[in-house]
Amino acid sequence: MTDSKYFTTTKKGEIFELKAELNSDKKEKKKEAVKKVIASMTVGKDVSALFPDVVNCMQTDNLELKKLVYLYLMNYAKSQPDMAIMAVNTFVKDCEDPNPLIRALAVRTMGCIRVDKITEYLCEPLRKCLKDEDPYVRKTAAVCVAKLHDINAQLVEDQGFLDTLKDLISDSNPMVVANAVAALSEIAESHPNSNLMDLNPQTINKLLTALNECTEWGQIFILDCLANYTPRDDRESQSICERVTPRLSHANSAVVLSAVKVLMKFMEMLPKDLDYYGTLLKKLAPPLVTLLSAEPELQYVALRNINLIVQRRPEILKHEMKVFFVKYNDPIYVKLEKLDIMIRLASQANIAQVLAELKEYATEVDVDFVRKAVRAIGRCAIKVEQSAERCVSTLLDLIQTKVNYVVQEAIVVIKDIFRKYPNKYESVIATLCENLDSLDEPEARAAMIWIVGEYAERIDNADELLESFLEGFHDESTQVQLQLLTAIVKLFLKKPTETQELVQQVLSLATQDSDNPDLRDRGYIYWRLLSTDPVAAKEVVLAEKPLISEETDLIEPTLLEELICHIGTLASVYHKPPSAFVEGSRGVQHKRLPGSTESGESESPDTASAAAVSDAPPAVIPSQGDLLGDLLNLDLTPPTTTGPPPPASSGMQMGAMDLLGGGLDSLMGDESEPPPIPLRMDTPQSPQLPHQSPSPPDYSPTELGGDLGGSPAIGAGFGAPPAAMPASFSAPVSGGLDDLFDLGGGVGMPMGAYSAPKTVWLPALKAKGLEISGTFARRSGVIQMEMTLTNKAMSVMTDFAIQFNRNSFGLAPAGPLQVLTPLSPNQSIEVTLPLNTVGPVMKMEPLNNLQVAVKNNIDVFYFSCQYPISMLFVEDGKMERQVFLATWKDIPNDSEAQFQIKDCHLSSDAASNKLQGSNIFTIAKRTVDGQDMLYQSMKLTNGIWVLTEMRVQAGNPVYTVSLKCRAAEVSQWVFQSYEAVLKN
Amino acid sequence: MISQVFILSSKGDHLIYKDFRGGAGNDIVSIFYEKVTALTGDQPPVVMNHKDIYFVHIRQGGLYWVATTTAGSSPFTITEFLNRLAALVKDYCGSLSEKSVQMNFALIYELLDEIVDYGYIQTTSSDVLKNFIQTEAVTSRPFSLFDLSNVGLFGAETQQSKVAPSSAATRPIQSSREQGGKSEIFVDVIERMTVVIGSNGLLMKADVEGEIRVKCYMSSCSEMRIGLNEEFSIGKSQLRGYGAAVRVDECSFHQAVRLDEFDSHRILRLCPSQGEQTVMQYQLSDDLPSALPFRLFPTIERDNGGRLLMYMKLRCDLPPKSAAINVCATIPVPKGSVSLSQELSSPDQSAELKPQSRAVVWQIARFAGGTQLSALFKLEVPSLSSASMLEVGPVGLSFELPKITATGLQIRFLRLSPIQPGPSQRWVRYVTHSDSYTIRI
């Protein structure tokens with residue numbers, strides 16, 4: 001006799017039949033009937049009508065029958081609450097049964113019946129069962145508390161079950177401990193602020209003891225709970241790690257992953273020079289490798305997690321490159337994930353191996369995989385300089401295959417390689433040009449056009465090539481159109497004689513025939529640039545480009561930290577914080593990695609800021625001198641190439657200055673000087689520039705826009721009052737332009753930068769009656785020293801002159817001190833002295849000290865003053881997001897400084913606007929649980945980048961600013977600027 | 001936390017549905033089925049979601065084993081759990097199929113109740129569970145030792161059925177209880193090889209993943225001792241004794257294994273629970289103790305008529321008394337290959353062109369050690385270019401090596417204590433499979 005017959009009864013009168021059978025006297029028959037009922041229930045039939053009959057069968061000493069009835073009850077009690085009460089007596093009686101199995105069964109089932117009336121009766125039996133002598137009953141009761149809490153949280157608190165549950169953590173039976181931990185963790189999640197799980201060293205010790213004894217699943221609960229604990233110091237952290245490490249060799253990969261999570265988290269607290277730290281690193285690798293022997297689905301999950309771990313601590317797996325080599329029969333999603341990790345692990349030591357593999361992958365069948373493999377070769381070239389040559393030749397081999405998509409991918413990556421290593425591999429251009437016709441994807445076409453434009457002077461028929469693209473201009477995608485426009489302008493600047501027609505053609509295509517605001521705007525900018533000052537145009541368009549970052553797709557550092565705390569969970573698969581995909585989840589808590597104890601920072605707000613400021617005096621830091629050396633050399637080239645290129649950008653900056661002067665001058669219509677190209681600026685008939693056009697930096701999602709990279713600087717030039725424009729600029733156009741520049745991030749706006757009120761620098765007593773008070777300001781990109789000279793002496797003062805001593809940032813007067821009229825007694829005069837930063841450099845103490853000598857007809861006077869470092873923040877200090885991420889990661893954590901800004905009541909947006917006025921640019925903003933994280937960058941005139949993360953909690957007047965900079969000693973001055981800017 | 005567990009047939013019929021937390025509608029099952037059938041091959045099928053419910057599923061025995069969960073939980077844990085659940089159901093019901101699950105639904109519900117409580121996994125050990133489970137399993141037909149019709153060792157059709165009766169696969173563990181019948185224990189050493197051989201013939205990568213699996217049908221076995229090779233060593237630096245050491249890089253053990261004699265004598269002690277369990281897992285990369293089982297010597301050229309000629313010489317380097325079975329070489333060929341003509345060196349091989357997968361599949365049922373086979377394939381490929389020559393390869397080999405372990409791991413002895421009353425049988429079986437054996441051209 002088999003059970004399958006239960007599924008076959010489909011007759012109409014079946015319910016009646018069952019009813020009769022259920023009321024039968026024979027036990028066997030009853031049991032069969034209940035089975036039939038449950039079979040119907042499983043397939044979704046409604047058998048709730050049988051409720052009283054089934055409940056009648058409940059009073060039996062046959063455990064099998066009892067279980068079946070309970071199964072039915074759990075399913076239907078909710079729909080029949082009144083009748084469910086009938087079962088209560090039996091439950092209560094069963095809870096007293098001498099058989100522990102029945103006691104546990106009763107308490108387990110009662111908890112699953114989600115009917116309010118029943119829960120009232122549950123409390124007493126539950127209380128008894130929590131103290132039961134049998135561990136099986138206790139562990140079931142522990143879970144039941146969680147069930148009850150979900151139905152009626154208040155009841156659980158009132159009845160004191162939570163305290164009993166806490167006591168169970170010290171139970172002698174590990175299974176009970178595990179369930180108590182699981183139940184408490186879940187309850188604690190819904191009360192984020194309660195200290196239900198107040199983990200202290202004693203409880204941790206108990207958990208660790210239970211860990212060794214309980215089932216694998218219990219180990220997971222306990223490990224997950226441990227991960228929420230923050231050890232007091234590195235010694236405690238080490239001892240926990242030591243006791244968790246044996247879990248790494250568990251056969252259950254879920255246990256392994258939970259253990260990895262605990263270790264990754266607690267490792268943060270261990271000093272890196274500790275022997276144990278190294279041992280732990282070694283121990284982590286084998287279990288991670290083992291995870292990859294699972295089924296593809298689990299492999300994928302494991303790889304997503306390993307991807308996080310590699311980003312946080314690449315050293316763990318640096319010798320395990322081979323396990324990430326792709327197997328021929330891996331599913332595509334595993335292959336792509338492996339490829340990603342391979343590139344992250346690629347280094348000089350293993351690059352040859354990696355390249356050989358990638359080359360093989362590039363000839364496989366799967367198109368997506370092949371594309372990614374080709375890209376990977378390019379990324380290797382950029383990441384490991386020594387391999388660049390080999391990568392290029394590999395790519396050329398691949399191009400020879402003429403497989404269409406391989407060729408296109410290869411060209412896209414070769415463009416990046418050109419960017420990274422200019423003037424090195426141009427010999428391959430000829431080969432690339434041969435494949436021009438086969439390119440049909442926008443990205444590849446754009447890349448090829450970029451290459452042609454960039455190296456126009458070396459390609460004889462560059463104009464023909466570009467012209468051929470121009471024929472179908474309107475059918476191209478925006479990406480290609482923009483690139484084509486830029487490339488032709490480059491070509492024109494390089495070979496002006498032959499290409500005038502071409503450039504006119506493309507400009508009119510872009511400005512008059514296109515509906516795309518980006519394209520039109522870029523067209524206008526070029527047009528105007530070319531027509532006003534070709535020299536400036538050259539400097540802007542052909543400027544040196546910022547380097548591209550070697551690491552791509554990096555996860556933001558704070559997000560990464562959070563994800564590390566969620567290793568093994570869904571968050572780690574999606575690479576998103578839980579709050580991003582759990583809607584309305586109850587109280588998601590943000591987890592952060594504990595800080596290293598090395599740096600000794602306790603996060604208490606009072607000491608942190610004080611310490612940061614007072615500890616900062618240079619004398620304390622031994623390596624100061626070296627750093628300074630770098631600082632003073634003005635080209636603080638970062639050790640790796642991630643960073644932006646300071647020299648190039650400061651060159652840019654000067655170019656922009658020029659533009660402001662020279663460019664505008666010629667604009668002002670010196671008619672005698674013939675415009676370089678006879679383009680007439682009669683564009684009024686062109687449609688009015690759309691005001692809603694997106695912000696210019698969007699032109700260039702990645703590297704492509706590097707050539708336009710100067711656009712903010714152009715802004716600085718043209719941002720001058722529109723009134724100064726020549727009349728031929730009709731109103732709508734200039735209005736449009738104005739608008740455009742506003743969108744450029746408010747760069748170069750004359751207002752906004754904060755400047756301190758004037759203070760007295762040189763008191764009259766010391767200078768024979770001459771009093772000088774002053775301040776510094778940055779206006780329209782020019783650093784200015786604004787002074788008030790007051791004559792408090794009895795005689796007239798004349799012949800003023802000023803000179804600076806050498807100083808840390810090379811500040812020097814850009815012109816003579818303009819005091820034209822003699823200063824009579826009791827008279828004051830306001831003088832503005834523009835400054836530049838090309839003067840001689842010497843490190844000053846403090847860093848921002850400036851020693852000034854002022855001469856007049858009476859004597860020479862010396863004084864010193866301090867300038868706010870925000871004066872030195874340049875207008876193009878907005879870093880690209882990717883570069884920011886890479887740089888942030890690249891700067892070691894120990895050069896991170898943290899400050900608090902108190903009593904600041906601005907919203908994050910207002911703060912961001914205010915900071916932007918002083919050239920502190922907000923690159924990205926993330927809101928997590930009401931806390932805004934602003935990522936900001938600024939650049940000093942000597943090319944030093946400063947990166948910060950500012951955390952603003954709504955309603956909390958204390959901001960936290962974390963700051964990273966390769967030249968650590970500027971930190972405190974940057975901090976002062978923050979405070980000054982935000983509070984004024 | 002697990003919210004629901006359900007088992008569906010491949011056609012989407014509900015076989016088992018258990019809600020641990022309440023609150024979810026019944027339509028969740030059909031939503032899952034729609035989603036899973038809409039999946040394409042290149043999407044990671046790990047987690048799917050519907051609003052804030054997440055589905056984790058595995059496929060075993062032609063059935064979908066699904067758990068739903070909320071966001072905070074770990075897909076790893078749940079997948080492991082589902083695998084264990086499937087294994088337990090198999091142990092209890094004898095086999096995994098739509099029919100056996102349907103017949104034993106009451107048993108499975110009972111199991112689920114003990115395994116999971118309110119979404120917290122309690123235990124998956126059949127030793128613990130047997131104390132609680134009341135329902136007897138129902139099998140579709142009486143168990144017979146001679147019923148070997150659908151039995152394959154490790155799921156593959158082998159011609160080696162004389163090696164061991166693997167009828168164990170279709171036997172419920174409980175039946176031994178009332179049958180009091182045969183006590184049997186099976187210890188399987190299973191290894192999977194991943195090999196990449198470069199186009200220059202050099203070995204680029206060789207990995208072995210292995211496991212020792214115990215299937216126990218003993219009613220009263222208190223302890224079992226499994227002795228491995230004495231020279232077995234773990235880790236790269238450790239050397240034991242002289243001669244060819246049997247070495248693995250890393251190994252992990254089942255929780256129930258006691259290792260107190262492992263360091264000194266390489267003995268695993270455990271009290272096997274009823275049913276199947278993986279006692280030890282290990283892996284070795286790069287440093288295989290023996291020669292690779294297969295070498296391929298390909299020659300590829302175009303002939304004057306524009307045809308593609310592939311001359312393949314395949315050598316089996318196993319010891320002469322051993323043999324590989326079910327050897328299958330898959331050779332990717334250029335797209336647009338129209339037809340194939342072949343010359344094979346012996347009659348027990350076959351080869352055909354599979355246009356959908358763009359590959360020539362060459363099959364050898366049995367391949368004795370120390371021998372060599374060759375094949376000449378001529379392919380008609382219109383528009384054959386030098387670039388399309390690059391599309392040939394890499395060759396993938398799949399095979400099975402019975403009675404051989406690539407690492408050299410052997411079971412020295414298998415002792416049970418106390419000595420079993422009545423007849424008991426102990427079986428030790430070895431096999432090495434190809435996981436991915438790739439030869440680049």
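Note on naming: letters A, B, ... go to the chains in the order of the sequence lines (proteins, then strands), and numbering restarts at 1 for each one.
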Looking only at A:Val143, A:Val255, A:Leu71, most heavy-atom pairs under 4.5 Å shared with chain B are made by A:Val143

With only heavy atoms counted, which part of B:Thr194 is less than 4.5 Å from chain A, the side chain, the backbone, both or neither? side chain

Between B:Ile58 and chain A, which part of the residue has a heavy atom less than 4.5 Å away: side chain, backbone, both or neither? neither

Quick check: closest heavy atoms across B:Ile2 and B:Phe20, and the distance to 0.1 Å? O-CB, 4.1 Å

Counting distance only, does the side-chain N/O of A:Asn62 pair as donor-acceptor with the main-chain N or O of A:Leu65 below 3.5 Å? yes

Salt bridge check, B:Asp117 against A:Lys147: does any charged N sit closer than 4.0 Å to a carboxylate O? yes

Go through A:Gly218, A:Ser572, A:Ala146 and name the one with the most non-hydrogen pairs under 4.5 angstrom from chain B. A:Ala146

Just so I understand: if I count every heavy-atom pair under 4.5 Å between each of A:Gln219, A:Glu357, A:Gln353 and chain B, which residue has the most? A:Glu357

Report yes or no: is the cationic atom of A:Arg108 (NZ for Lys, CZ for Arg) under 6.0 Å from the centre of the six-membered ring of A:Tyr136, at an angle within 45° of the ring normal? no

I'd like to know if the side chain of B:Trp65 and the backbone of B:Gln60 have a donor-acceptor N/O pair within less than 3.5 Å. yes

Taking side chain as C-beta onward, heavy atoms only, is B:Ile197 less than 4.5 Å from B:Met204? no

So which part of A:Val289 gets closer than 4.5 Å to some heavy atom of chain B, the side chain, the backbone, both or neither? both

Counting heavy-atom pairs under 4.5 Å with chain A, which one of B:Glu211, B:Met1, B:Arg84 comes out on top? B:Arg84

Turns out that what part of A:Cys214 lies under 4.5 Å from chain B's heavy atoms comes down to backbone

Is A:Ile567 in contact with chain B via its backbone, its side chain, both, or neither, using a 4.5 Å heavy-atom distance? neither

Just checking, is any N or O donor in the side chain of A:Asn212 or A:Arg247 under 3.5 Å from an acceptor N or O on the other one? yes

Out of B:Met280, B:Lys18, B:Glu80, B:Lys335, return the one with the most heavy atom pairs under 4.5 angstrom to chain A. B:Glu80

